[in-house]
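Right, one structure below, let's go through it.
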Protein chains: 2
Amino acid sequence: MENKTGYLREYLHKHGVKPSSIRMVVLDYLLSRRTHPTAEEVYGALCQELPAVSRASIYNTLELFCQKGIVKTVPTDGRETRYDADRSFHGHFECEVCGKIYDFRIDSDNVDLRELEGFVVREKDIYCRGLCPQCHSDQ
Amino acid sequence: MENKTGYLREYLHKHGVKPSSIRMVVLDYLLSRRTHPTAEEVYGALCQELPAVSRASIYNTLELFCQKGIVKTVPTDGRETRYDADRSFHGHFECEVCGKIYDFRIDSDNVDLRELEGFVVREKDIYCRGLCPQCHSDQ
DNA sequence: TCAATATTTAGAATTATTATATTTTTGAAT
DNA sequence: ATTCAAAAATATAATAATTCTAAATATTGA
């Protein structure tokens with residue numbers, strides 16, 4: 001898996017982040033599963049690979065990744081911050097029952113922001129909430 | 001102001017909420033200022049009118065209003081929940097500097113949710129983040 | 001009126017996150 | 001390789017937002 005390590009190292013480097021073992025593992029986790037995890041989920045998953053890791057390091061790493069544009073936060077109603085390594089424009093759907101967040105494709109041109117003249121728009125998101133097909137059929 | 005009281009009472013009744021003095025005052029606050037306040041902001045503002053009010057009552061009232069469809073929460077990156085009494089479809093812009101949340105009009109038809117077939121969509125929102133004109137010109 | 005129910009309160013508990021101070025790791029210069 | 005400084009990671013304390021709990025108060029209906 002020398003390739004993967006090299007890829008992650010390069011990915012961090014391109015975004016101006018010095019590699020460290022934690023950063024590599026966190027990045028690998030975020031890139032390989034596009035599940036919009038919370039900090040706690042990242043921490044829980046990584047405890048197996050890095051038994052000595054601390055929550056603070058996870059928070060620091062995620063905050064750094066945000067600043068450097070490696071991940072972005074997903075605006076949601078919940079109070080846990082969720083992180084997304086897919087920085088392309090897409091929508092998010094949050095299921096009210098299972099809490100899962102789904103991505104969906106949407107044409108960026110559809111979103112007409114003419115009324116935001118004078119504003120500097122750095123991020124935009126489409127957010128929907130309701131029932132996912134699974135939870136809908138379970139009722 | 002008998003009119004206002006009657007209006008608020010009726011508004012609550014229509015949404016299946018029994019009126020109480022706290023509920024009336026909270027509703028009045030939410031309807032008269034469309035500022036997407038946090039629970040703490042509502043609490044702070046109401047302490048003057050209702051000196052004995054508790055935070056728990058504010059939280060309870062806002063939660064009840066959400067369930068009954070009187071307000072909805074605004075999905076944001078921040079970790080304080082923000083409430084919006086304007087339930088019509090519109091976009092939100094959050095300023096990264098001053099934290100203020102602005103509404104903007106956007107045509108609902110523009111948002112193409114065809115890819116969410118099989119999902120029950122109960123809420124949708126457009127979220128943007130960046131610099132508001134004020135904070136942009138201050139830099 | 002009086003019991004049953006709903007609402008509100010104060011404060012404790014919980015959860016998510018951030019801050020702090022110490023230790024460990026890393027990488028350059030010797 | 002060894003030393004040293006800077007950066008990163010750690011454990012833990014502190015903070016912030018919210019929720020829970022139990023008691024007090026208010027409201028409603030027989």
Side-chain angles (χ1 to χ4, degrees), chain A residues 5 8-9 12-13 15-29 36-68 70-83 94 99 101, chain B residues 5 8-9 12-13 15-29 36-68 70-83 94 99 101:
Chain A
T5 308
L8 296 171
R9 196 175 293 274
L12 290 174
H13 183 73
H15 288 85
V17 174
K18 287 195 230 167
S20 74
S21 52
I22 289 183
R23 291 171 184 172
M24 303 273 279
V25 176
V26 171
L27 179 63
D28 184 32
Y29 182 84
H36 322 88
T38 63
E40 188 61 29
E41 282 166 2
V42 176
Y43 173 72
L46 269 50
C47 275
Q48 314 207 314
E49 293 181 63
L50 301 169
V53 79
S54 70
R55 277 190 181 78
S57 297
I58 300 299
Y59 279 102
N60 289 342
T61 302
L62 291 170
E63 169 62 19
L64 178 69
F65 284 6
C66 279
Q67 281 170 17
K68 299 297 187 175
I70 292 175
V71 296
K72 55 180 184 174
T73 55
V74 184
T76 65
D77 281 342
R79 63 169 162 145
E80 279 182 279
T81 302
R82 293 188 165 276
Y83 300 88
E94 182 171 23
I101 293 185
Chain B
T5 309
L8 295 171
R9 196 176 295 274
L12 290 173
H13 183 73
H15 288 84
V17 173
K18 289 193 228 169
S20 74
S21 51
I22 289 183
R23 290 171 184 172
M24 304 272 281
V25 176
V26 171
L27 180 62
D28 185 31
Y29 182 84
H36 323 87
T38 63
E40 189 62 27
E41 282 165 3
V42 176
Y43 173 73
L46 269 49
C47 276
Q48 314 206 314
E49 292 181 64
L50 302 169
V53 79
S54 69
R55 277 193 181 76
S57 295
I58 301 297
Y59 279 103
N60 288 344
T61 302
L62 291 170
E63 169 62 19
L64 179 69
F65 283 7
C66 278
Q67 281 169 18
K68 299 298 188 175
I70 292 174
V71 297
K72 54 180 184 174
T73 55
V74 183
T76 65
D77 280 343
R79 63 173 161 142
E80 278 182 281
T81 302
R82 294 188 165 275
Y83 300 88
E94 182 171 22
I101 293 184

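So that the names make sense, note that chain A is the first sequence line, chain B the second, and so on, each numbered from 1. Keep in mind the model is a prediction, meaning the values are calculated, not measured.
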Report task. Using atom CG of B:L64 as one end and atom C1' of D:dT19 as the other, report the distance to the nearest whole Å. Result -> 16 Å
Query raised in the report: Please walk me through it: do A:L12 and A:I70 pass side chain to side chain contact (heavy atoms under 4.5 Å, CB included)?
Result: CA-CA 8 Å; A:L12 290 174; A:I70 292 175; 3.9 Å; yes
Query raised in the report: Does A:R82 reach the main-chain N or O of A:H36 with its side chain, forming a donor-acceptor pair under 3.5 Å?
Result: yes
Query - d(OH, B:Y43; P, D:dT18) in whole Å - result: 14 Å
Requested in this report: Look at B:T81 and D:dA17 and indicate whether a side-chain polar atom (N or O) is within less than 4.0 Å of OP1 or OP2.
Outcome: no
Requested in this report: Taking atom NE2 of B:H15 as the centre, report whether more than 12 heavy atoms of other residues, nucleotides or ligands fall under 6.0 Å from it.
Outcome: yes
Query raised in the report: Rounded to whole angstrom units, what separation is found between the CE atom of B:M24 and the C1' atom of C:dT7?
Result: 15 Å
**Report entry** Min side-chain heavy-atom separation A:R23-A:L64 under 4.5 Å
**Finding:** yes
**Report entry** Step-by-step side chain to side chain contact (heavy atoms under 4.5 Å, CB included) determination, A:Y83 to A:V74
**Finding:** CA-CA 6 Å; A:Y83 300 88; A:V74 184; over 6 Å; no
Query raised in the report: Tell me: CG of B:L62 to C1' of C:dT8, nearest whole Å?
Result: 15 Å
Query raised in the report: Side chain of B:Q48, backbone of B:A45: donor and acceptor closer than 3.5 Å?
Result: no
Report task. Take atom CZ of B:R23 and atom P of D:dA26, then tell me their distance rounded to the nearest Å. Result -> 16 Å
Query - Interatomic distance, A:K18 NZ vs C:dT25 C1' [rounded to whole Å] - result: 12 Å
Query raised in the report: Is the backbone of B:L46 close enough, under 3.5 Å, to the side chain of B:E49 for a donor and an acceptor to pair up by distance?
Result: no
Query raised in the report: Do any side-chain nitrogens or oxygens of A:S21 fall under 4.0 Å of OP1 or OP2 in C:dT25?
Result: no
N/O-N/O pairs, protein side and nucleotides 9-15 of chain C side, under 3.5 Å:
unit_1: C:dT9; atom_1: OP1; unit_2: B:A52; atom_2: O; d: 2.9
unit_1: C:dT9; atom_1: OP2; unit_2: B:S54; atom_2: N; d: 3.2
unit_1: C:dT9; atom_1: OP2; unit_2: B:S54; atom_2: OG; d: 3.2
unit_1: C:dT9; atom_1: OP2; unit_2: B:S57; atom_2: OG; d: 2.3

Query raised in the report: Under 4.0 Å between a side-chain N or O of A:Y59 and OP1 or OP2 of C:dT17?
Result: yes
**Report entry** Protein-nucleotide distance (B:E40, atom CD; D:dT19, atom C1'), rounded to Å
**Finding:** 15 Å
Query raised in the report: NE2 of A:H13 versus P of C:dG27: gap in Å, rounded?
Result: 13 Å
